[in-house]
Asks: 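Got a structure for you, written out below as structure tokens; questions coming shortly.
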There are 2 protein chains.
Amino acid sequence: MAERGRPRGFDADAALDRAIEVFWRHGYEGASLADLTTAMGINRPSMYAAFGNKEDLFRRAVARYAEADMAYAREALAQPTARAVIETFLRTNADALTRPDRPAGCLSVQGGLAGGSDNGHIAQFLADSRAAGEKALADRLSQAATEGDLPSDADPVALARYVMVVSEGNAVHAAAGATRAALQATVNIALKAI
Amino acid sequence: MAERGRPRGFDADAALDRAIEVFWRHGYEGASLADLTTAMGINRPSMYAAFGNKEDLFRRAVARYAEADMAYAREALAQPTARAVIETFLRTNADALTRPDRPAGCLSVQGGLAGGSDNGHIAQFLADSRAAGEKALADRLSQAATEGDLPSDADPVALARYVMVVSEGNAVHAAAGATRAALQATVNIALKAI
DNA sequence: TTGATTCAGTACCGAGCGGTACAGAACAGC
DNA sequence: GCTGTTCTGTACCGCTCGGTACTGAATCAA
């Protein structure tokens, strides 16, 4: 497959990484195309040719974010015991929420919570994305339950929801400027409920 | 003080209540003046004469929200024991987040988390508002500690932060459509850490 | 070299944004 | 009556929004 025509003058993945940061910092509606294209180092028509439109760009950004910036979550799920899964997830999550080389908080939360009139499906999309993570955790904890790795009275679905609630609450705190130590101290307390 | 001039044709407090719901559902930047004034039943100049501008209206809305819709928090602080304070707060909070006659979630979280370029001070204002609530809870728990009502190794500041993290995480879940029962089940688990 | 194809860049579109000028309507005191 | 004052309503302001037409430039195959 030979490439024809003028070659693209920018790296699409690198541009997407810049877009992630803008969406992360400003949210979906708070990120204007001027913000985005300036950060991406390209102009508007190039962005439209490469990604479709603003919403498509956002979905691509969230997908790449989930794959790259949330790799720690998949590693946590691979831990041998339910306790290790939860603790690893919450600890690495707290670190990810306060990475000094990244915006504070979580794109999936900051991207957009409210949404009623027009872009309600953006909030829905992010909620579905978070729910998928919660379900993966619930499935992992269900497996632990069948393996006898969890107290018999434990509810894997409720437990997964609790872990995600702590994670999302920490994301809200991180977005407000909480320190890594503060988030880890919260994790210390949260783990006592497991 | 006699009133001169044409009397106002609407109830400012009632209009503010309508504005609260719009901000609650759409967030600060997602709520347009057209949305707001339509819901308030007034036109633009009336709103500007009564409240100043959009940001002033939002601050007034948040203040009224804190006073009316979050009265349960002050009642929780008045409980006799630290345990009762925390449990009452989390339970009434979970109910408030899922009131059928109100938007799901919490205005203070939904109003705006991200904010970088222009309206960053809106996110900051809301973060300060939440921090004030967290400090009030920490003060109450400090008092409990001096009264011997809390384990000697407990950190009131960290504990207050944990409670607020659970509350805010539940707010994120509520905004995504979680049921009241789900939130209360999360509270059940969260309380085991106390 | 030529023609086809694809990207880059400028300049622009209609629509909606927050905010306001201005004219008229409704009240008070005189 | 009239006058001063305050509210209502229409119509408008400049600006930014997301999105696009169009001209050139850069690369391919032939």
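In the text below, chain A, chain B and the rest are named by the order of the sequence lines, each starting its count at 1. Note: hydrogens, waters and symmetry copies are ignored here, and every other heavy atom, side chains too, is used. Since the structure is predicted, the reported quantities are computational estimates derived from the model, not experimental observations.
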Asks: Taking only side-chain nitrogens and oxygens of A:N43, does any of them come within less than 4.0 Å of OP1 or OP2 of C:dG9?
Replies: yes

Asks: Looking at A:R4 and D:dA29, is any side-chain donor or acceptor paired with a base atom of the opposite kind under 3.5 Å?
Replies: no

Asks: Out of D:dT27, D:dC7, C:dG19, which has the shortest distance to the side chain of B:L33?
Replies: C:dG19

Asks: Please tabulate, one pair per line, all N/O donor-acceptor pairs under 3.5 Å involving side-chain atoms of residues 54-62 of chain B, not counting sequence neighbours.
Replies:
unit_1	atom_1	unit_2	atom_2	d
B:K54	NZ	B:Y28	O	3.0
B:K54	NZ	B:A31	O	2.8
B:E55	OE1	B:H121	NE2	3.0
B:E55	OE2	B:R59	NH1	2.4
B:E55	OE2	B:H121	NE2	3.3

Asks: Quick one: side chains of residues 38-49 of chain B, donor-acceptor pairs under 3.5 Å with protein atoms, not counting sequence neighbours, listed by atom name and distance.
Replies:
unit_1	atom_1	unit_2	atom_2	d
B:T38	OG1	B:A34	O	2.7
B:N43	OD1	B:S46	OG	3.0

Asks: If each of B:G41 and B:G5 is mapped to the nucleotide of DNA chain D with the nearest heavy atom, which maps nearer the 5' terminus, i.e. the 5' end?
Replies: B:G5

Asks: Using atom CG of B:D35 as one end and atom C1' of C:dG16 as the other, report the distance to the nearest whole Å.
Replies: 11 Å

Asks: I'd like to know if the side chain of B:S142 reaches the main chain of B:A138, judged simply by a donor and an acceptor atom lying under 3.5 Å from each other, with no hydrogens or angles considered.
Replies: yes

Asks: Please answer whether the main-chain N or O of A:F89 pairs with a side-chain N or O of A:T92 as donor and acceptor at a distance below 3.5 Å.
Replies: yes

Asks: Could a donor-acceptor pair under 3.5 angstrom be found where the side chain of A:R44 meets the base of D:dG18?
Replies: yes

Asks: Taking the side chain of A:P45 as heavy atoms from C-beta outward, which of C:dT20, D:dA21, D:dC17 is closest to it?
Replies: D:dA21

Asks: Nearest-Å distance, CZ (A:R6) to P (D:dG24)?
Replies: 14 Å

Asks: Among the nucleotides D:dT20, D:dA25, C:dG18, which one has an atom lying closest to any side-chain atom of B:S32?
Replies: C:dG18

Asks: So does B:S108 get a backbone contact from the side chain of B:R130, meaning a donor-acceptor N/O pair under 3.5 Å?
Replies: yes

Asks: Without decimals, in angstroms, what is the distance between A:E29 CD and C:dC17 P?
Replies: 11 Å

Asks: I'd like a table of atom pairs between the protein and nucleotides 13-15 of chain C - only N or O on both sides, under 3.5 Å - with the distance next to each one.
Replies:
none

Asks: With a 3.5 Å cut-off and no angle check, do the side chains of A:D35 and A:S32 form a donor-acceptor pair?
Replies: yes

Asks: Please list each protein N or O that sits under 3.5 Å from an N or O in nucleotides 13-15 of chain D, with the distance.
Replies:
none

Asks: Does the side chain of A:Q184 come under 3.5 Å of the side chain of A:D95 through a donor N or O and an acceptor N or O?
Replies: yes

Asks: Looking at A:Q110 and A:A104, would you say the former's side chain and the latter's main chain have a donor-acceptor pair under 3.5 Å?
Replies: yes

Asks: Is the phosphate of D:dC7 approached by B:S46 (side-chain N or O, under 4.0 Å from OP1 or OP2)?
Replies: no

Asks: For the atom pair CG (A:L159) and CG (A:L141), what is the distance rounded to the nearest 0.5 Å?
Replies: 5.5 Å

Asks: Where do B:Q143 and B:D139 land on the side-chain hydrogen bond (donor to acceptor under 3.5 Å, both in side chains) test, with the steps shown first?
Replies: CA-CA 6 Å; B:Q143 173 197 333; B:D139 289 346; over 6 Å; no

Asks: I'd like a table of donor-acceptor pairs (distance under 3.5 Å, sequence neighbours excluded) in which one partner is a side-chain atom from residues 185-193 of chain B, with atom names and distances.
Replies:
unit_1	atom_1	unit_2	atom_2	d
B:T186	OG1	B:A182	O	3.1
B:N188	OD1	B:R91	NH1	3.4
B:N188	OD1	B:R91	NH2	2.6

Asks: Using whole Å, report how far CZ of A:R8 lies from P of C:dA8.
Replies: 7 Å

Asks: Looking only at atom types and distance, does a side-chain atom of A:R140 sit under 3.5 Å from a main-chain N or O of A:A160, one as donor and one as acceptor?
Replies: no

Asks: Within residues 48-59 of chain B, which residues have any heavy atom lying less than 4.0 Å from an atom of DNA chain C?
Replies: B:Y48, B:N53, B:K54

Asks: Rounded to whole angstroms, how far apart are CE on B:M47 and P on D:dT8?
Replies: 13 Å

Asks: When you measure from the side chain of A:F10, which nucleotide among D:dT20, C:dA8, D:dG9 comes out closest?
Replies: C:dA8

